[in-house]
Amino acid sequence: MAAATGDMPTYQIRAPPTSLPQGVVVAASPGSLHSPQQLAEEATRKRELRLMKNREAARECRRKKKEYVTCLENRVAVLEKQNKTLIEELKALKDLYCHKAE
DNA sequence: TTTCTAGACCGTCATCTGTG
DNA sequence: CACAGATGACGGTCTAGAAA
């Protein structure tokens with residue numbers, strides 16, 4: 001896929017949500033953690049936060065990709081129509097030229 | 001009605017990429 | 001270089017429609 005090469009535009013990137021989703025608790029500073037249990041809880045919390053962020057990033061990524069594809073499909077439709085018109089026009093001009101030549 | 005199938009959507013992991 | 005965000009790949013679930 002060419003997406004990695006930079007030819008995939010980002011259509012109107014929305015401002016990220018300013019507030020964390022419900023249920024996310026901001027942790028105490030790492031310096032205040034001591035016991036192995038606290039460390040484990042902190043690790044779990046970090047992992048869940050990462051998964052949640054990535055989940056939302058994936059959703060956004062798919063949304064943008066879908067939008068991009070729709071955009072391309074619309075462009076194809078427009079160009080096909082344009083092409084058809086030009087072919088008709090060319091045909092008409094050829095006819096005109098032929099009749100003049102007689 | 002039940003079973004099969006294709007397509008859409010989702011969550012997660014691994015990796016790439018840009019930024020401080 | 002470390003980190004966060006973006007994206008490709010993969011496997012799972014759901015659903016609508018066709019076939020038996």
Side-chain angles (χ1 to χ4, degrees):
Chain A
M1 219 217 214
T5 60
D7 57 349
M8 176 142 145
T10 28
Y11 296 98
Q12 289 187 341
I13 298 176
R14 294 174 190 171
T18 49
S19 60
L20 285 171
Q22 294 169 348
V24 175
V25 181
V26 176
S29 69
S32 65
L33 293 174
H34 299 294
S35 72
Q37 197 201 346
Q38 276 175 315
L39 290 173
E41 279 171 6
E42 172 69 2
T44 303
R45 195 197 61 80
K46 276 187 178 172
R47 174 185 154 77
E48 279 170 0
L49 189 62
R50 184 168 50 76
L51 288 181
M52 191 195 74
K53 278 188 177 180
N54 187 243
R55 200 179 301 141
E56 297 194 359
R59 262 188 226 136
E60 177 64 7
C61 184
R62 286 173 184 134
R63 189 194 63 75
K64 280 195 300 190
K65 187 173 180 178
K66 207 172 169 187
E67 191 176 74
Y68 173 64
V69 169
T70 303
C71 231
L72 283 183
E73 285 169 348
N74 289 341
R75 185 158 165 71
V76 166
V78 166
L79 290 175
E80 275 177 346
K81 193 175 172 185
Q82 201 177 337
N83 196 34
K84 215 173 180 178
T85 306
L86 288 171
I87 287 171
E88 290 298 319
E89 200 179 320
L90 179 62
K91 199 176 155 195
L93 287 171
K94 274 184 178 171
D95 281 353
L96 201 66
Y97 178 76
C98 282
H99 288 122
K100 255 191 178 175
E102 282 167 14

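A, B, ... follow the sequence lines: proteins, then strands. Residue 1 opens every chain. This one's a predicted model, so the numbers in the text were calculated from it and none came from an experiment.
- Under 4.0 angstrom from either OP1 or OP2 of B:dC13 there lies at least one side-chain N or O belonging to A:R47.
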Show each protein N/O and nucleotides 6-9 of chain B N/O combination with a separation under 3.5 Å, one pair to a line.
unit_1: B:dC9; atom_1: OP1; unit_2: A:K66; atom_2: NZ; d: 2.8
unit_1: B:dC9; atom_1: OP2; unit_2: A:K66; atom_2: NZ; d: 3.2

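- Going from atom CZ of A:R63 over to atom C1' of B:dC10 covers 16 Å, rounded to whole Å.
- We find that CZ of A:R50 is positioned 15 Å from C1' of C:dA6, with the value rounded to whole Å.
- Rounded to an integer number of Å, the gap from CE of A:M52 to P of C:dG5 is 10 Å.
- Summarising the geometry, the separation between CG on A:N54 and C1' on B:dT15 is reported as 12 Å, rounded to the nearest angstrom.
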Are A:E89 and A:L86 close enough, and set up right, to give a side chain to side chain contact (heavy atoms under 4.5 Å, CB included), and what steps lead you there?
CA-CA 5 Å; A:E89 200 179 320; A:L86 288 171; 4.1 Å; yes
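- Among the candidates A:E42, A:E48, A:R50, the single residue satisfying the side-chain contact (heavy atoms from CB on, under 4.5 Å) test with A:K46 is A:E42.
- One distance of note links OG1 of A:T44 with CG of A:L49; it measures 12.5 Å at 0.5 Å rounding.
- At least one side-chain nitrogen or oxygen of A:K65 sits closer than 4.0 Å to the OP1 or OP2 atom of C:dG8.
- If you take OG1 on A:T70 and CG on A:N74, they are separated by 7.0 Å, rounding to the nearest 0.5 Å.
- Here the side chains of A:R59 and A:R63 are not in contact, with every heavy-atom distance at 4.5 Å or above.
- The separation between A:E56 atom CD and C:dA4 atom P is 16 Å, rounded to whole Å.
- Per the geometry, OH belonging to A:Y68 stands 12 Å off P belonging to C:dT7, to the nearest Å.
- In this structure, CZ of A:R55 is placed 12 Å from P of B:dC10, rounded to the nearest angstrom.
- One finds no side-chain N or O of A:K53 lying less than 4.0 angstrom from the OP1 or OP2 phosphate oxygen of C:dA4.
- Note that CZ of A:R45 and CD of A:Q38 are 13.0 Å apart. Values are rounded to the nearest 0.5 Å.
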